[in-house]
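Following: one structure in structure tokens, then a few remarks.
So that the names make sense, note that chain A is the first sequence line, chain B the second, and so on, each numbered from 1.
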Number of protein chains: 2
Amino acid sequence: MGAAGNEIEIGKKDTAAEAGGDTLAAALELLWSERPAPKRGPKPALTLETIARAGMGLADADGLAAVTMQNVAAALGYTKMALYRYVPGKVELVALMTDIGFGAPPALPSGTEGWRPSLELWARRLFERFVAHPWTLEATVGIRPLGPNEVAWLEQAVQSLAGTGLPGAEKFDVAATLAGHVRATAQQSVGGDGKPEQAFHATVGLILDRHQDRYPALSAAFAEVAAHGGQDQALEFGLGRILDGVDLHIAATRERPRR
Amino acid sequence: MGAAGNEIEIGKKDTAAEAGGDTLAAALELLWSERPAPKRGPKPALTLETIARAGMGLADADGLAAVTMQNVAAALGYTKMALYRYVPGKVELVALMTDIGFGAPPALPSGTEGWRPSLELWARRLFERFVAHPWTLEATVGIRPLGPNEVAWLEQAVQSLAGTGLPGAEKFDVAATLAGHVRATAQQSVGGDGKPEQAFHATVGLILDRHQDRYPALSAAFAEVAAHGGQDQALEFGLGRILDGVDLHIAATRERPRR
DNA sequence: ACGGCACAGCGTCCATCATACACTGTATCC
DNA sequence: GGATACAGTGTATGATGGACGCTGTGCCGT
């Protein structure tokens with residue numbers, strides 16, 4: 001399957017592989033508002049923003065699967081084909097929804113000082129966004145275009161590490177690690193259709209009830225998890241450990257600065 | 001069209017919400033081999049394993065989107081409806097593929113001692129599994145059934161923490177945090193259709209090229225990332241930080257043991 | 001021995017979905 | 001005052017997951 005694809009595979013745009021190239025570029029254009037702004041013709045009745053918001057409403061309520069071109073259009077009172085005047089395809093629409101769903105990271109309160117409190121706040125806020133729009137978890141797997149807001153979150157995290165003396169690459173790694181932790185935690189605490197319900201723990205508990213013998217260590221550990229309040233502390237625990245480790249690393253870097 | 005059509009909403013199984021209940025139970029049955037084993041009738045020509053392997057082949061080659069009932073059946077030389085004699089639906093098939101994709105965690109080499117080397121090895125191996133079958137990333141979003149292998153991975157991680165004196169709930173949290181980190185890292189280093197291509201970094205780089213002014217800290221940091229070998233160390237960096245933090249926490253717990 | 005029944009595999013049918021394409025009307029520029 | 005670019009619509013199409021009923025097969029109880 002090269003660039004041409006002269007094999008079978010006419011018809012639909014694409015299915016899975018190789019779609020990234022074209023779609024990614026189109027989505028980036030959309031997300032970064034690099035669009036020509038038409039001059040002639042009837043005025044557009046809709047906005048990208050309006051459309052995306054409609055999609056978000058559906059996704060928040062009934063999950064990402066409820067976001068069909070039909071449903072989005074119906075929610076706006078238009079036909080689905082009208083949407084294609086604004087969006088190249090569904091993938092791009094979801095990408096737009098996702099970036100809007102994250103929103104810009106709120107500015108850190110003026111009192112916040114030091115990289116650690118900043119990053120803690122950052123992580124908790126990001127977590128809240130994931131919980132508020134659980135479908136963003138589904139929407140952000142695999143290669144995909146990044147929107148301005150998503151990049152802005154990264155920027156803020158890296159900025160928080162300004163005074164640490166870490167090399168830039170490691171600042172980036174810290175941000176990525178934290179984002180990953182937040183993401184993974186959110187993924188475990190959120191149900192498939194969007195409702196937070198400690199889904200992961202519930203499933204594990206269900207299984208261990210029936211197979212304690214097979215997983216002795218896990219069963220013992222999990223009994224204590226259930227006894228305590230569940231997984232509510234999963235975000236904080238990992239966050240604490242990671243930032244402790246980062247702290248250590250910063251200290252070590254200061255003592256033995258890189259050449 | 002038949003005469004009877006006055007019912008509301010017969011037909012398809014479900015779309016998004018609430019499907020979890022029924023499907024999850026069915027999938028658990030399948031994954032944990034709690035199936036009755038038929039006595040009468042013709043011998044099944046296929047196996048769950050065979051079917052799942054066929055699906056995995058497609059997913060490995062062309063991504064999860066290539067896994068359609070049609071394609072899987074064709075790969076086996078049967079019609080798609082034959083598959084429904086083995087699998088309740090596609091969701092369950094993918095769940096099965098996923099669990100087989102993880103496989104059982106290999107036993108730790110006999111020389112491995114101490115929780116830290118064990119967990120490091122564990123994390124690296126898990127990472128390899130994600131990279132070997134990138135579609136498992138897509139397949140493991142949202143609420144979903146866990147298979148025996150997936151639970152076995154958790155078991156091994158918790159077991160590695162046996163001598164640490166950590167409370168059970170925290171062992172579990174450590175395992176979850178590590179698994180989350182591995183997952184998130186894999187997600188960033190793997191392309192959408194399954195090819196590892198440092199996708200995330202490539203996209204970020206592309207964007208920052210055009211918007212350096214808007215994200216100064218990130219741009220500066222990222223320049224160094226690009227100068228170095230890319231993101232190959234993302235897994236190890238986060239792993240090091242997390243385990244450092246865990247180490248600290250274990251030491252603290254020993255000094256100030258919980259009641 | 002044998003007939004019924006449970007079960008394998010298949011063919012057909014259908015609803016849903018993303019998207020292509022052609023058409024109609026409209027607002028702006030020359 | 002057109003020509004033209006563009007908005008919204010209607011219809012068509014191919015792919016997909018899945019329901020349902022049919023045909024054959026092989027074990028089990030009689």
DNA chain C nearest-nucleotide lookup for Pro42(B) and Lys80(B): closer to the 5′ end is Pro42(B)
Looking only at dT28(C), dA8(C), dG8(D), the nucleotide nearest the Tyr86(A) side chain is dG8(D)
Separation of dC10(C) atom C1' from Gln70(B) atom CD, nearest Å, is 12 Å
Only residue of Glu138(B), Glu150(B), Glu92(B) satisfying salt bridge (charged side-chain N to carboxylate O under 4.0 Å, His left out) with Arg144(B) is Glu150(B)
Heavy-atom nearest nucleotide on DNA chain C taken for Lys43(A) and for Lys39(B); more 5' hit belongs to Lys39(B)
From OH of Tyr84(B) across to C1' of dC13(C) the rounded distance in Å is 14 Å
So CG of Leu83(A) and CZ of Arg85(A): to nearest 0.5 Å the spacing works out to 11.5 Å
Ile51(A) CD1 to dA7(D) C1', in whole Å, measures 12 Å
**Prompt:** How would you label the contact of Met81(A) with the nucleic acid (heavy atoms, under 4.0 Å): base, sugar-phosphate, or nothing?
**Reply:** base
Exercise for the section: Please report the C-alpha distance between Tyr215(B) and Leu154(A) in whole Å, then the side-chain angles of each, then the deciding distance to 0.1 Å, and finally whether the side chain to side chain contact (heavy atoms under 4.5 Å, CB included) criterion is met. Expected result: CA-CA 9 Å; Tyr215(B) 309 102; Leu154(A) 279 181; over 6 Å; no
Check this for me, if you would: do Glu128(B) and Arg124(B) make a salt bridge, where the nitrogen-to-carboxylate-oxygen distance has to be below 4.0 angstrom? no
Any N/O donor-acceptor pair, Arg40(B) side-chain to dG26(D) base, under 3.5 Å: no
Determine, using ring centers only, whether Phe222(B) and His201(B) are less than 6.0 Å apart. yes
**Message:** Taking any heavy-atom pair under 4.0 Å as a contact, classify Val67(B): base, sugar-phosphate, or nothing.
**Reply:** sugar-phosphate
Side-chain atoms of Arg85(A) come closest, of dC23(C), dG10(D), dG11(C), to dC23(C)
Original post:
Base, sugar-phosphate alone, or nothing: which one does Val91(A) contact when heavy atoms must sit under 4.0 Å apart?
Top reply: nothing
Rounded to whole Å, the CG-P distance (Leu64(A) to dA18(C)) equals 10 Å
task: Please determine if a side-chain N or O atom of Lys90(A) lies less than 4.0 Å away from the OP1 or OP2 oxygen of dA18(C).
output: yes
Assert: residue with more 5' nearest nucleotide on DNA chain D, out of Leu83(A) and Met69(B), is Leu83(A)
Rounded to whole Å, the CG-C1' distance (Leu58(A) to dC17(C)) equals 15 Å
